[in-house]
Every structure is written in structure tokens, then in C-alpha cells.
There are 2 protein chains.
Amino acid sequence: MGAQQRPTIKTVAARAGVGRTTVSRVINGSTLVSDEARAAVLAAIAELNYVPNSVARGLVTRRTNSVALVIPESESRLGSEPYFSAVIRGVSTVLTATRTQLQLVLVRDRGERDQLTDSVAERRVDGVLLVSVHEDDPLPGILENLGLPTVLAGRRSPSESLSHACSDNLGGGKEAGRHLISRGRRRIATITGPLDMDVSRSRLQGWRDALGEADIAPDGRLIATADFTEEGGMLAMRSLLERAPDLDAVFAASDVMAAGAMLELRRQGRRVPEDVAVVGFDDSYIARYAHPSMTSVRQPVEEIGSTIARLLLGEIADPGAARQHVMLPTELVVRDSS
Amino acid sequence: MGAQQRPTIKTVAARAGVGRTTVSRVINGSTLVSDEARAAVLAAIAELNYVPNSVARGLVTRRTNSVALVIPESESRLGSEPYFSAVIRGVSTVLTATRTQLQLVLVRDRGERDQLTDSVAERRVDGVLLVSVHEDDPLPGILENLGLPTVLAGRRSPSESLSHACSDNLGGGKEAGRHLISRGRRRIATITGPLDMDVSRSRLQGWRDALGEADIAPDGRLIATADFTEEGGMLAMRSLLERAPDLDAVFAASDVMAAGAMLELRRQGRRVPEDVAVVGFDDSYIARYAHPSMTSVRQPVEEIGSTIARLLLGEIADPGAARQHVMLPTELVVRDSS
DNA sequence: ACCTCGCTTGGGAACGTTCCCATTCTCTGC
DNA sequence: GCAGAGAATGGGAACGTTCCCAAGCGAGGT
């Protein structure tokens, strides 16, 4: 039972006493069908428990009603990095509403990336969402050449040509800097992400702008680069303390790195926030669970997810349409670490 | 450019000077092809940059090389619940290695679930992975009736008939109980998950067993049920403290609930671990980030993910094979909260 | 020298849809 | 009463692959 031959559009047509085409028209909501024919078809569909075969449909329509969401797993582990989970959630919300399937692709290394482009070339998806792209990432270019609609979460540079949604990283960094200054701090360090990513550069620039506004002279010893991991944040903090032992605040470009920094601060006997104030970025649960709870720049990650999904669906529906760039606001959430 | 007509198997055949079938044979690795024909075909494929159309292939083979991973989003938000991220990671690892696509389905409510069964009926996937099933969940039965290979992470009951992988929840609960007893605690409470889930019942039973071993009389006032959320853990803790103010330890069936419990304990002025020892379950980053850091029962979540993926691929390859049940060991990780 | 067997090969059919087009039927207007 | 328009309908072809089967072609055995 259960596994017997499933009905096709022909079976339905026979049962309803009409032709294949009429059934197809009913399924696809064409108006050029008489009421009685439509009723007969709908009855037959219900009786036979018929569901159209989406693969056969895809062969002729050249549409799969599914999009890929590509997440680079190498650099920031899904799970320890709540950012990705939130993006997935936002994307999924929009896709489910439009009955589009979500193909999740975790890319760990180069080999897997090549597989990905194959899979995309196999026309298994109508479009691609890319998260966390580096400036020199070849993937967006490849996809563009394949003529496949592509939308980014984040951007490769401020002049990004592909459609994308990102948060106001410059503004967020500036807000973090201003906040620390307003708390009376003057030796304010920063831990940035990889500098080949626009997120990192923008947040760094925001921090610089805030310091500039307050006429605090730039000091290279107060800048350390890490890789968005806790371990990296720890090491960066250590290096900062060596080069600038008198620092009294640090702005990290992610909560995870800020958590690593706080670990190192405690290890070296510096109190947070009394000796060193800390501000993170993301406002994930890590900020809430941290001890002391962490001040952090909130970015609307789930909304980024839903936005890129919406942009992609638009681009699939109308490939000729103009590319769109969306920037979402950030917001400082003040807690005990600053 | 880029979007011009993509080559088909016919184009390749013409270019290589052979028939369609020979090209197909080369692609699918048949040995019944002469070396020179194979060489010609491979050359043509390379020159034309040909990639087989997987949709057309799927139409005749009735295989899509993609499986669905279904995650109920309602009860435990992806992201705040690291369990799901880890499962996804494990699943993805195995699938990528076998070039199988992963369709991620977040199910929020009944309506979305119905869509899911439709989508499954449309034959878009070769099999389904279900996470976090409740005892009376209709989905496994529906899928079984559709004749679609189905594998569960976790089980509906100890006599689960479908293939599944789960961790040794009974053993884990027992270990947690024994540990607290070994710390000299005697009034040991527990916060369980929903009792219509086997995970919850098994962990509870393990806790009971441990208490029984130590000849501690059961006491209903020491049991509270929550829903695997932080909020729920908080409320459960409050209720426990009301009913049994003399409790000196609590075992929560998840880290998230344990975190909620710790919050409530602190609010009521009980020190952890001096007044009340706390043990969680999962050993997620929440346990590490908690303050004090949390003792927790580690379960190999990523391995559960890779196991169910492997089981599903096996079942797809050989639908007649016997169902398999895998139980993975847990391990107590002792930290400062106990 | 002929038959047979095994290795290669390629054409036809099928998978289940949608789209194009021709056909039938009905109704309107003169 | 008849031409023409427009609505409704259904058959054929196509989408790009795989599978079935028939056929070509040497070689080896009798």
C-alpha cells in the first residue's frame, strides 16, 4: 500500500472526461475554462489525491521554485555564530510564504565550493543567496556569468553592484565609539574582523569617525584584527594589552570576539567595565548570557534574511529589473559591560 | 552574455561524433564504452562546458538526489537552540560528501506542515529527516504511508519502528543524578521537557533511577515540567522553589532551561553552586558562557546529524533494508555550577 | 566458410508536464 | 441566414534525460 503508481495529469483528465490541457489549465488557474469543466477536474483531483509532479513541470517551465542559500562554514561555525541561524530564519519565512524551497548549502572548503557551482549549473535552483562574502570572492562573479539571479547578505564593497541587503555597519561602529566616549573613555581600542570584508572595514571606519569627532588622535596600537572567532578575539585582546596597556575600552566587531576579549581581560585581572569597557556587535544571546552582560550594537539579522529573500524572488520574477541595495539600521543596546 | 542556450546531451553527442546514448553512458560511468569514444565525449563535454540537466534526469530516474530536513521551529527557535544548528551541520557533512542536496524546511505551524506534505508528495525529495518529534506527531505516519524513506533524530517512544538515531538520554539523566548525589546533594529537583517527547521522559527516568539507586524516596514536589525554553525553565524553577524550598540541586533537561533556572535562583538570592547545584543537558555554548559555568551532559549532536543522514541515504539506496536504531553515548562535563 | 557470441553503438520510446496551434461550438450583428 | 468573432477545448510537440532493444562488427570455434 501507499507506494502504488501515483496518478498523472492523464489519469485526472480521463477521470474528469476532459483533455490533458484542460486539467493543466485548471491547475495553473487559467480563466479560459468553463465552470463545469473546472468543477469536474477539481473533483477528479480530489478523488485521485493528485499532486502535480514538480520535476516534470520544471523540465518545461525551466523553473524549480527553489533557491540556494550558501553559507561559508569554514570561517564561522554555524551555531557558535548566531548570525547565520537568524538569516536562515528570515529567509525561510519569506520563502515558505511563496512556496519556494530552500536549499541549504554549507561550504567548508574550495572543493565543496566547486561542487556548488556545478550544482547551480545543473539548474537545480532559480537563484542564489550568498552570505558573508569576502571582497575577492569569485563566486558572485561566476554566478553572474551563469546568468543566475544572485543576492548578497552584506556586500563586497560600498560600490557593490549585485542586489544586497546589509546593516548600517558604519553607523553601528560610530554609535559604539560615541557611546564609549560618552562614558568618559579616551583610550579606546577596537578588534576588527578580516579586513577583506566590508563589514569589518565599515565598522572600523565608524569607530574611527567617532574618535575623530571627539578629536582623539588615531593610534595604530589600538587596532587589532581577528577572524570573528572567540579564540581570535582572545588573541587580539592579548596583543592589544601588550601594545597599549593603558587602554580603557574596546569595541569588538562581533559578540563572539567580544566574549573572547572579555575572557582575556578577566585572565589578566582587568575588571569589566571598571577598568576596561567592552562593546560588541550583533546583540546575540552571547551578549545577554555574558558576564557581565554585554553592551552591543544590534543589527536586524532576521530582517536581512527576509529582505534578501524578497529581493531574490523579485529578481527571479523579473530578471531585467534594476538591482536593489537595502541598508538596515542598527541600534545600540546598553548593558553592564560599558 | 552568459545566458545563451546551454548545451544539451545532443550538442555534446554531435560535437563528439557519437550518439546520445554513448554520451549518457560516459556521464554515468558505464564500462561499455570504447576508450576512444569516451575520450571524444569527455573532450566535447569540456569544450562545451556541458553540465547535465538534473531536472530532466530526475524525470526519468525518479530520483532528485535531495533530501528534506524538517525542523519544527515553533517550539524551539533555531538559533537560541544550538541543538538544531549542530544537527544541520552533521547532516550537511554527510550529504555533501555524497553530492546530495539538503532541503531545509522550518515548520512553524499546522499550515506550513500541510504545505510540507504537499511538497513531499510532489516528489521533490528522495527522503525526509525529522527532528524533535512528539509522540503523537502525525507526520512520520503520513510519510511512511507515502512510501517515502524517513529517518528520525530522536524517537517517538522506546519502541520506535522507524530508523532513528538518538543519544542515551536515560544514561545521561542517570549520570547527572549520580553526579549530584556524589556531591552530597539529597533534595534533588528536576526540570523536564514536554512529557509527550521521549527525550523528556528518558532523561526524567534516568534521574529517577539515580535517586532510586541511592535510596532517595521519590517526591513529586521535586519535578516540574517546562517546554525547553529559558522562560519555561525560569517559571519551573520558581514553582519548584515554592513547593520545595529546601531543594539543594536541580537537573534540567536542557542547557537553555538550566540557564533560565539559574536566572531565577539568582533572583531569589540562592547561590549556585553553594546553595543549589545545577546540571544542564546538551553541553552547548550556553553551558560554557553561563556564570558560573555550567555542568552539563554532553550529547554528540553533530554525530546524530551525520548518523541520520547516513541512515537515510542507506534507506534510499535500498528501500527494503531493515530499519536501524542507533544510540549514541553521552558524557558528563563537570564545571562550576555543581 | 559460416554461425555464434560478446562488445559497442545508436535510435526510439518514455518520464509528466506546459505551450502552441488548430478545431469546434456558440453567439452576435447585419 | 450567414459570416465572423470569440470562447472553450484537445492533440501534438517539446523540454533533456535514461532505458530498452535491435543492429553492426570483429573474433573464435567448428
Side-chain angles (χ1 to χ4, degrees), chain A residues 3-42 44-45 48-66 99 118-119 121-126, chain B residues 3-42 44-45 48-66 99 118-119 121-126:
Chain A
Q4 69 265 43
Q5 213 58 292
R6 305 189 56 241
T8 75
I9 203 171
K10 259 183 180 161
T11 330
V12 176
R15 175 76 153 241
V18 300
R20 280 194 334 277
T21 315
T22 301
V23 177
S24 175
R25 271 191 273 259
V26 170
I27 294 170
N28 294 292
S30 161
T31 52
L32 296 165
V33 180
S34 67
D35 290 346
E36 70 186 313
R38 167 170 294 112
V41 169
L42 289 176
I45 287 178
L48 294 169
N49 214 348
Y50 166 77
V51 182
N53 180 320
S54 64
V55 175
R57 173 181 290 169
L59 182 56
V60 41
T61 60
R62 290 140 178 292
R63 282 286 215 85
T64 60
N65 290 316
S66 103
R99 313 212 47 153
D118 270 13
S119 142
E122 280 175 350
R123 293 293 172 197
R124 310 186 63 140
V125 292
D126 297 334
Chain B
Q4 68 266 41
Q5 215 58 291
R6 304 189 56 240
T8 75
I9 204 172
K10 259 182 178 161
T11 330
V12 175
R15 175 76 153 242
V18 299
R20 281 194 332 279
T21 316
T22 302
V23 177
S24 175
R25 272 190 273 260
V26 170
I27 294 170
N28 294 292
S30 162
T31 52
L32 297 166
V33 180
S34 68
D35 290 345
E36 71 187 310
R38 168 171 292 114
V41 169
L42 289 176
I45 287 178
L48 294 169
N49 213 349
Y50 166 77
V51 183
N53 179 321
S54 64
V55 175
R57 175 181 290 168
L59 183 55
V60 40
T61 60
R62 288 139 181 292
R63 281 288 214 82
T64 60
N65 290 316
S66 101
R99 312 212 46 153
D118 270 13
S119 143
E122 281 175 350
R123 293 294 171 196
R124 311 187 63 140
V125 293
D126 298 334

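What you see is a predicted model, and the numbers here were worked out from it, not measured in a lab. Protein chains get the first letters and strands the later ones, always in sequence-line order, with residue 1 at the start of each.
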Looking at B:S54, I'd like to know whether one of its side-chain N or O atoms comes within less than 4.0 Å of OP1 or OP2 on D:dT17. no

For A:T21, report the nucleic acid contact type (base, sugar-phosphate, nothing); a contact means any heavy atom under 4.0 Å. base

So A:V41 and A:R25, do their side chains get closer than 4.5 Å, heavy atoms only? no

I want to verify a distance call: between D:dT17, C:dT9, D:dC15, whose nearest atom is closest to the B:V33 side chain? C:dT9

Taking for each residue the nucleotide of DNA chain C bearing the nearest heavy atom, is the 5' side occupied by B:R38 or by B:V60? B:R38

Quick note, A:R57 side chain, CB onward, closest among D:dG16, C:dT18, D:dT18 is C:dT18

Spacing between A:I27 atom CD1 and C:dC19 atom P, to the nearest angstrom: 12 Å

Looking across every strand, which nucleic acid part, if any, lies under 4.0 Å from B:A13 by heavy atom: base, sugar-phosphate, or nothing? nothing

Contact class for A:V55 vs. all strands (heavy atom < 4.0 Å): base, sugar-phosphate, or nothing? nothing

The nucleotide from C:dT9, C:dT17, D:dT17 with an atom nearest the side chain of A:I9 is C:dT17

From C-beta outward on A:N53, which listed nucleotide comes closest to its side chain: C:dT18, D:dT18, C:dT17? C:dT17

Among C:dC15, D:dG10, D:dT17, which nucleotide has an atom closest to any side-chain atom of B:L59? C:dC15

Indicate the atoms forming the closest heavy-atom contact of B:T8 with B:Y50, along with that distance. C-CE1, 3.5 Å

Separation of B:R63 atom CZ from D:dC19 atom C1', in whole Å? 16 Å

For A:A56 and for A:T22, find the nucleotide of DNA chain D with the closest heavy atom, then tell me which residue's nucleotide is more 5'. A:T22

When every non-hydrogen atom of B:G58 is compared with those of A:V55, the smallest separation belongs to C-CG1, 3.9 Å

Looking at CZ of B:R62 and CG of A:N53, how far apart are the two atoms once the value is rounded to the nearest 0.5 Å? 8.0 Å

Let me test you: for the helix from C:dA1-D:dT30 to C:dC30-D:dG1, what is the angle between the axes at its two ends (five pairs each), rounded to 10 degrees? 60°

Round to a whole Å and report the spacing from CZ of B:R62 to P of D:dG16. 20 Å

Considering only heavy atoms and no angle criterion, is a donor-acceptor pair shorter than 3.5 Å present between the side chain of B:R25 and the base of C:dG10? yes

Atom NZ of A:K10 and atom P of D:dG12: how far apart are they, to the nearest Å? 10 Å

How many Å lie between CG on B:D35 and P on C:dT8, as a whole number? 8 Å

Any heavy-atom pair between the side chains of B:S66 and A:R124 that's under 4.5 Å? yes

Return yes if some donor-acceptor pair links the side-chain N/O of A:S24 with the main-chain N/O of A:R20 below 3.5 Å, else return no. no

I need the minimum non-hydrogen distance between A:L32 and A:S30, along with the two atoms involved. N-OG, 3.1 Å

For D:dT18, does either OP1 or OP2 sit under 4.0 Å from a side-chain N or O belonging to B:T61? no

Under 4.0 Å between a side-chain N or O of A:Y50 and OP1 or OP2 of C:dT17? yes

Side-chain donor/acceptor of A:R20 to base of D:dG12, under 3.5 Å: yes

Heavy-atom closest pair (B:I27 atom, B:I45 atom, distance to 0.1 Å) is CG1-CD1, 4.2 Å

Within this structure, what is the CZ-to-C1' distance between A:R124 and D:dG16, rounded to whole angstrom? 15 Å

In whole Å, I'd like the distance from the CD atom of A:E36 to the P atom of D:dA8. 11 Å

